[in-house]
Amino acid sequence: MYKLVDKRNLGPNLTLYEVQAPRIASSRKPGQFVIVRAFDHSERIPLTIADVNKDTGTVTIIVQTVGKSTAEMETLEVGGGFCDVAGPLGQPSHLDNFGTVVVIGGGLGTAVVYPQAVALKELGNKVISIIGARSSDLVIMKDQLGAVSDKVMVTTNDGSEGIKGFVTDALQQLIDNPDMNIGAVYCVGPVVMMKAVADLTAKYDIHTVVSLNPVMVDGTGMCGGCRVTVGGETKFACVDGPEFDGHKVDFDELADRLTTYQSHERHKDQCRMLKAADKIKE
Amino acid sequence: MSDITAKQRMAIQRQPMPQRDGLERCKDFDEVNTGYDLETAIKEAQRCLQCKNAKCIAGCPVGIDIPGFISKLADGDVAAAAEILRSSNDLPAVTGRVCPQETQCECVCVRCKTDTPVAIGYLERFVADYARENNLEKPKEVSASTGKKVACIGAGPAGITCAGELASMGHDVTLFEAFHKAGGVLIYGIPEFRLPNKVVEHEIKNVLALGVKIEKNVIVGKTVTIDQLFVEGFDAIFVANGAGLPTFMNVPGENLKGVYSANEYLTRSNLMEAHRRDAETPVLRGDKVCVVGGGNTAMDAVRTAKRMGAATSTLVYRRGREQMPARVEEAHHAEEEGICFEFLTAPIEVLGSDDGWVEGLKCVRMELGAPDDSGRRRPVPIEGSDFVIDCDMVIVAIGINANPILTQATPDMNLNKWGYIQANDDLATSIPGVFAGGDIVRGAATVILAMGDGKKAAKSIDNYLKTL
Ligand SMILES: Cc1cc2nc3c(=O)[nH]c(=O)nc-3n(C[C@H](O)[C@H](O)[C@H](O)COP(=O)(O)OP(=O)(O)OC[C@H]3O[C@@H](n4cnc5c(N)ncnc54)[C@H](O)[C@@H]3O)c2cc1C
Ligand code: SF4
Ligand code: FES
C-alpha cells in the first residue's frame with residue numbers, strides 16, 4: 001500500500017493527494033506521470049506528477065473527480081492509501097532557456113503544467129502563465145503559478161474573471177505585443193484547447209509543446225492503446241511522450257479516440273478532457 | 001511398475017482429454033479442458049514404455065525426468081511424481097497446459113513410431129493439479145543462506161523460475177515487477193479458459209514461499225535503474241522483462257476506434273478482468289470481430305472475442321493452416337468453438353465510419369511463393385483479389401518487439417539490431433553481473449523456453465556469485 005499522507009481540496013471537484021512512494025519521488029523528473037489504482041478492483045489511471053518531495057519520499061497528484069473511479073478515490077483518507085502507484089512514466093519534459101515562455105493551463109491542465117512552470121523559471125526563463133477556465137470558481141492554482149511567473153493571465157468563458165474568452169485570446173495579446181519575444185509555449189488542457197493554441201502558434205512559428213492524455217492501460221509501452229499520430233508517425237504517448245511538438249500532433253484523431261469508452265458509464269474519467277472540451281465549445 | 005508387460009502397455013490407447021462442449025464453453029471463461037481423473041491418468045501413465053534412453057527428456061527444454069514422474073504416477077504415488085516434476089519445473093500446472101508438447105517431448109516419444117505419443121502434457125497437468133488440490137505438494141528444500149542478494153526483473157515465467165532456483169540455492173532474491181500483479185504473460189495474456197489465474201497464482205505462491213520477495217509497480221529503467229540496484233546492494237541481476245511492445249500492421253485506418261492490439265485486448269479482459277460485466281476497466285465488445293495473426297496470441301484473442309459475445313469471430317492469417325505457429329490443440333479448440341478462419345489472407349486497410357468506428361477489414365488473398373530466409377514459403381498477394389470482411393472490431397496480433405524502457409536506461413547493455421538483449425551461452429550480458437533470458441533475449445518464444453533460461457541463468461548467477 002502507498003500511504004496517503006495529505007489530502008486537500010483545491011476547488012470544486014479537485015483534490016490533491018500526497019502519497020508515500022519514495023522510489024518514484026527520487027527518480028521523477030518534470031513532465032512524468034504515474035499510474036494509480038485506488039483499490040484492488042480499480043482501473044489503472046494515468047495522472048501527472050504535480051510535485052515530489054525527495055526528503056519525505058512523497059509524490060503529489062491532483063485529481064479531478066469526474067467518474068466512478070475518481071469518485072471512489074475521494075473516499076481514501078489520510079492514513080489509508082492507494083493500492084498501487086507505478087512510475088515515474090513517460091519522457092521528462094525537454095526544458096530549456098527560451099528567453100520568454102508562455103505556460104498555458106486549461107482546467108485541470110493548470111495543475112499539470114505547474115511543475116513545468118517551476119522548472120522553466122529555475123532555468124532562467126521569463127514565465128508568463130495563462131489559466132483558462134469556464135468560470136471564476138474553476139480557476140485553480142493561481143497563487144502557486146503566480147509565485148513562479150512574471151505575469152499571470154486568466155481567461156474565463158463567461159467573463160467572471162480576467163479576459164472573457166479563451167486562452168488563445170490572451171495568447172494573441174501577448175503575440176501582438178511587440179516587446180514580447182515568445183521563445184516557446186507549453187500548453188496542457190483539453191484537446192480542442194491544445195489544438196487551438198497549436199494552430200495559433202503555428203502561424204507565428206513559435207515552438208509549442210503539448211502534453212497528451214490518451215487512454216492508457218499499462219503506461220509502459222505494452223498495449224499500444226495510447227497511440228497517437230505525430231508527424232504522420234504512430235507514437236506511444238506513454239513511452240515516447242506524453243509531451244510532443246504541438247505542431248505535429250493529429251489532435252482530431254486523438255479527440256476521436258478519446259470517445260471510445262464514452263458510452264461505458266464508468267469510464268467518464270478518460271474522457272474528461274473531451275467533456276471539458278465540449279463545455280468550452282458550448 | 002513390474003506387473004504389466006510391454007505388450008499390455010502397447011495395447012492401451014491414448015486417453016482423450018475430457019473437455020467441455022465447444023458451443024457451450026464459448027459462452028464463458030471457464031476452462032476448456034477439465035483434466036484426467038486419477039484412474040484415467042494412471043491408465044495413460046501405463047502407456048509409457050520407460051525407455052532406457054528416453055528421447056522425451058531431451059525434447060523437454062527443462063529436462064524433466066519424464067519416465068521418472070510417469071512411473072510414480074503409474075504406481076499411484078502422485079506425491080512422488082509431483083516432487084520429481086517440481087525438482088526441474090517450478091510451474092508444472094502451467095506448462096502442462098500451455099507447452100507445445102507436440103513439437104517438444106511428445107513428438108519424439110517412441111510410441112509415435114507405432115501409434116500415438118504418451119500424453120505427457122496431460123499427465124504433467126494432472127500430477128500438478130492433483131497434488132495442489134490434495135495438499136500433496138512438498139516444499140522444495142532451501143540451502144543455507146549465502147548472504148548474496150540477487151534482483152530478478154520481471155515476474156514472468158523466466159523471472160519467477162530464476163528467482164525460485166536462486167532462492168533454493170540460499171540466495172536472497174527480490175523480484176521487481178512493473179505491473180500490480182506477478183505472472184507476466186501468464187496473467188495478463190493467456191486467458192482463463194486456457195490457464196486459470198488461480199492456477200498461476202498458486203504456483204507463484206509456491207515460489208515466493210521459498211523466501212523470494214517481490215516489489216510490484218517497479219518499472220526498472222524508470223522507477224530505478226540497473227546501476228541503482230547495484231548501489232542498493234544487489235550482487236547480480238537477472239533481466240527477464242519480456243518482449244511486450246506490440247507491432248501494428250501499418251495499414252490505413254489502424255487508429256480507428258475498435259482497433260486493438262492483442263496485448264491491450266487481452267490485458268483489459270484478463271488482468272483487468274473486463275470480461276466480467278461489473279469490472280471497472282472497460283473493453284469493447286464487438287459483434288463481428290476480426291483477429292489478425294496466427295500465433296497463440298491471435299488464437300487467444302479470437303476465442304476471447306467469441307466469449308465476449310461476438311456473433312462471428314474470425315481469424316485472418318496470411319499463410320496457410322499448416323504454417324500457423326499456434327499450438328495445434330488451440331487451433332482445434334477454436335474450430336470446435338465456431339471460430340471462422342480466413343487463411344492466405346492479409347489485411348490492407350481498416351475501413352471506418354464517418355464517426356471513426358471500425359466498419360470493415362479490407363483484405364487481399366495470398367498465395368505461397370518461394371521460401372524465405374526462415375525456410376517458410378513466403379506469402380505473396382494475388383493481384384485484384386481484394387475483398388472486405390464486414391466487422392466492427394479488429395484485433396492485431398502479428399507479433400511483438402523488444403520493449404525499450406529498460407534498455408534505453410541501460411546504455412552499456414549490448415543489444416542486437418532489433419533491440420533484444422545480447423546474452424552469451426551462459427546468459428551473461430555485456431554488463432558484469434547482469435544476466436538476461438526469456439523473450440527479451442529470444443524475441444517472442446515460449447513459456448518453457450523462458451523457464452529454461454531462468455534455470456540456466458540461476459546456475460550462471462550462482463557460479464558468478466562464487467567469484468565475488
Ligand atoms: C497471449 C499469449 C499467449 C501465449 N501462449 C503461449 C502458449 O500457449 N505456450 C507458450 O509456451 N507460450 C505462449 N506465449 C508466449 C509466452 O507467454 C512467452 O514466451 C513467455 O511468457 C515469456 O516469458 P518471459 O518471462 O520472458 O516474459 P513475460 O511473460 O513477458 O514477463 C515479463 C514480465 O516483466 C515485466 N516487466 C516488463 N518490463 C519491466 C520493467 N522494465 N521492469 C520490471 N518489470 C518489467 C512484465 O510486466 C512481465 O510481468 C504466449 C504469449 C502471449 C502474449
Ligand atoms: S519417450 Fe515416450 S515412452 Fe519413452 S519414456 Fe518418454 S514418454 Fe515414455
Ligand atoms: S498505455 Fe499501453 S502502450 Fe501506452
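Here the structure is a predicted model, which is why all the values come from computation and not from measurement. In what follows, every chain begins at residue 1, and chains take the letters A, B, ... in the order their sequences are listed.
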J.: With a 4.5 angstrom heavy-atom cut-off, is it the side chain or the backbone of B/L284 that approaches chain A, or both, or neither?
T.: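 Looking at B/L284, backbone and side chain both touch chain A.
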
J.: Can you say whether A/R257 sits under 4.5 Å from chain B via the side chain, the backbone, both, or neither, judging by heavy atoms?
T.: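 Both parts, backbone and side chain.
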
J.: So what's closer than 4.5 Å to chain A heavy atoms on B/Y265: side chain, backbone, both or neither?
T.: neither

J.: Using modelled atom types and a 3.5 Å cut-off, is there a donor and acceptor pairing between side-chain atoms of A/K29 and backbone atoms of A/S93?
T.: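 Checking the backbone N and O of A/S93 against the side chain of A/K29, no donor-acceptor pair under 3.5 Å is found.
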
J.: Is A/T234 close to chain B through its backbone or its side chain, or both, or neither, when contacts mean heavy atoms under 4.5 Å?
T.: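 The answer is the side chain of A/T234.
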
J.: Heavy-atom pairs under 4.5 Å with chain B are the metric here; pick the option from A/S26, A/G224, A/G221 that has the most.
T.: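 So the answer, after comparing A/S26, A/G224, A/G221, is A/G221.
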
J.: Relative to the ring of B/F29, is the ring of B/H275 parallel (under 30°), tilted (30 to 60°) or perpendicular (over 60°)?
T.: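 Rings of B/H275 and B/F29: parallel, under 30°.
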
J.: Any chance you could measure A/E243, atom CD, to A/L212, atom CG, to the nearest 0.5 Å?
T.: 9.0 Å

J.: Heavy-atom pairs under 4.5 Å with chain B - which of A/V239, A/T220, A/I24 has more of them than the others?
T.: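 The candidate making the most pairs under 4.5 Å is A/T220.
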
J.: With respect to B/E280, which candidate in A/R37, A/K68, A/R44, A/H41 satisfies the side-chain hydrogen bond (donor to acceptor under 3.5 Å, both in side chains) definition?
T.: A/K68

J.: Check side chain to side chain donor-acceptor pair (under 3.5 Å) between B/D392 and all other residues, then give those that pass, not counting sequence neighbours.
T.: none

J.: Give, as side chain, backbone, both or neither, the part of B/L245 having an atom under 4.5 angstrom from any heavy atom of chain A.
T.: both

J.: Do any of residues 180-188 of chain B come closer than 4.5 Å to chain A, heavy atom to heavy atom, and if so which ones, in number order?
T.: B/H180, B/Y188

J.: Would B/R268 and B/E264 pass as an ion pair if we require N to O under 4.0 Å?
T.: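 Yes, this pair counts.
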
J.: Given a strict heavy-atom distance threshold of 4.5 Å, which part of B/E177 is in contact with chain A: side chain, backbone, both, or neither?
T.: neither

J.: For B/S261 and B/N263, does a side-chain donor sit closer than 3.5 Å to a side-chain acceptor?
T.: no

J.: Which atoms of B/E273 are under 4.5 Å from chain A, going by heavy atoms: the side chain, the backbone, both sets, or neither?
T.: neither

J.: Could you measure the distance from the OG1 atom of B/T223 to the CD atom of B/Q228? Nearest 0.5 Å is fine.
T.: 9.5 Å

J.: What distance do A/C223 atom SG and A/F236 atom CZ have between them, rounded to the nearest 0.5 Å?
T.: 7.5 Å

J.: Using the side-chain contact (heavy atoms from CB on, under 4.5 Å) rule, take B/F248 and B/N255 through it: C-alpha gap first, then chi angles, then the decisive distance, then the call.
T.: CA-CA 10 Å; B/F248 286 90; B/N255 293 345; 5.9 Å; no

J.: Is A/V85 close to chain B through its backbone or its side chain, or both, or neither, when contacts mean heavy atoms under 4.5 Å?
T.: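 Answer is backbone: N, CA, C or O of A/V85 sit under 4.5 Å from chain B.
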
J.: Side chain, backbone, both or neither: which part of B/T267 has a heavy atom under 4.5 Å from chain A?
T.: side chain

J.: In terms of heavy-atom pairs under 4.5 Å, which option from B/N401, B/L271, B/V259, B/N250 contacts chain A the most?
T.: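 Most pairs with chain A among the choices: B/V259.
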
J.: Is it possible for you to check whether A/K7 lies under 6.0 Å from the centre of the six-membered ring of A/Y17, through NZ or CZ, and within 45° of that ring's axis?
T.: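 No, cation not above the ring by the 6.0 Å, 45° rule.
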
J.: Between B/E215 and A/R23 (salt bridge meaning N to carboxylate O under 4.0 Å), is one present in this structure?
T.: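 So B/E215 pairs with A/R23 through a salt bridge.
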
J.: Can you tell which part of B/N403 gets under 4.5 Å to a heavy atom of chain A, answering side chain, backbone, both or neither?
T.: side chain

